[in-house]
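Just so we're on the same page: letters track the sequence lines, and every chain starts at 1.
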Amino acid sequence: MNRLPWSEDDEELCHGGSAPPRKKLRLTREQSRLLEDSFRQNHTLNPKQKEALAKHLMLRPRQIEVWFQNRRARSKLKQTEMECEYLKRWFGSLTEQNHRLHREVEELRAMKVAPSTVTSTSSLTMCPRCERVTTAASPSMAASAKKALPLKEREH
DNA sequence: GAGAACTCATAAATTACATCA
DNA sequence: TTTGATGTAATTTATGAGTTC
């Protein structure tokens with residue numbers, strides 16, 4: 001299978017001399033697959049599990065431990081990247097929404113300046129919860145705002 | 001009970017090697 | 001063949017929790 005060319009005992013023998021060059025093991029596909037399976041079940045191992053896995057994969061327990069440490073780090077990094085992407089998209093949609101609202105404010109101001117063009121009251125609706133008056137002409141905005149917010153913040 | 005000293009486990013940061021385009 | 005980029009195994013360092021005295 002796939003073991004380091006020297007054992008821990010070898011390293012002890014080397015004391016006094018120069019340390020052996022750090023050799024890097026490449027895990028086989030099968031070893032990686034089993035480690036991934038194990039990681040999916042549990043992100044940490046107890047000593048017994050570690051020992052068993054090491055025996056099964058013909059690796060040292062320390063190598064299993066290191067693999068799990070690195071795997072947790074990779075997993076966390078990926079999670080952070082995903083969250084970052086999500087926040088970027090959210091920020092983008094909020095910016096877009098903000099622009100639309102600014103435009104609408106400008107339109108409403110323009111209407112105020114020219115009262116003859118004011119929307120008839122029948123086209124205005126009032127939100128029963130926040131008691132704000134909105135035009136019925138902009139339901140899409142409400143929908144897009146809803147889309148942009150995460151679930152727990154959609155509560156109006 | 002409070003706290004210093006120690007051990008152990010884990011995360012985070014870094015290094016170094018293998019592989020590939 | 002060389003080289004730079006990339007992935008990742010391995011090492012080092014920092015930190016927190018638990019235990020003992």
Q: Could you check if a side-chain atom of A:Gln79 sits within less than 4.5 angstrom of a side-chain atom of A:Lys76, using non-hydrogen atoms only?
A: no
Q: Would you find a donor on one side and an acceptor on the other, under 3.5 Å apart, between the side chain of A:Thr95 and the backbone of A:Phe91?
A: yes
Q: Between C1' on C:dA9 and CD1 on A:Ile64, what's the gap in Å once rounded to a whole number?
A: 12 Å
Q: Indicate the ring-plane relationship of A:Phe68 and A:Phe39, choosing parallel, tilted or perpendicular according to the 30° and 60° boundaries.
A: tilted
Q: Does A:Asn42 reach the main-chain N or O of A:Leu45 with its side chain, forming a donor-acceptor pair under 3.5 Å?
A: no
Q: Give the rounded distance in Å between these two atoms: CD of A:Glu65 and P of C:dA10.
A: 12 Å
Q: Is it true that a side-chain atom of A:Asn98 and a backbone atom of A:Leu94 form a donor plus acceptor pair closer than 3.5 Å?
A: no
Q: Distance check needed: C:dA9 P versus A:Leu57 CG, whole Å only.
A: 12 Å
Q: Can you say whether the rings of A:Trp90 and A:Tyr86 are parallel (under 30°), tilted (30 to 60°) or perpendicular (over 60°)?
A: tilted
Q: Please work out which residues in residues 68-81 of chain A have a non-hydrogen atom less than 4.0 Å from an atom of DNA chain B and list them by number.
A: A:Arg72, A:Lys76
Q: Just wondering, do A:Gln31 and A:Leu59 contact through their side chains at under 4.5 Å, heavy atoms?
A: yes
Q: Which residues, if any, of residues 37-45 of chain A bring a heavy atom under 4.0 Å of DNA chain B?
A: none
Q: Please report, rounded to the nearest Å, how far the P atom of B:dC17 is from the CG atom of A:Leu27.
A: 17 Å
Q: Answer yes when A:Arg100 and A:Glu96 have at least one side-chain N-carboxylate O distance shorter than 4.0 Å, and no when they do not.
A: yes
Q: Between protein and nucleotides 18-20 of chain B, what N or O pairs are separated by less than 3.5 Å?
A:
none

Q: Any side-chain N or O of A:Gln63 less than 4.0 Å from the OP1 or OP2 oxygen of C:dA10?
A: yes
Q: Please test A:Glu65 against A:Arg60 for salt bridge (charged side-chain N to carboxylate O under 4.0 Å, His left out), starting from the C-alpha separation and ending with a verdict.
A: CA-CA 9 Å; A:Glu65 194 176 300; A:Arg60 282 182 274 124; over 6 Å; no
Q: Heavy-atom distance under 4.5 Å between the side chains of A:Thr44 and A:Arg72, does that happen here?
A: yes
Q: With no hydrogens and no angle check, is any side-chain donor or acceptor of A:Ser38 less than 3.5 Å from a backbone partner on A:Leu34?
A: no
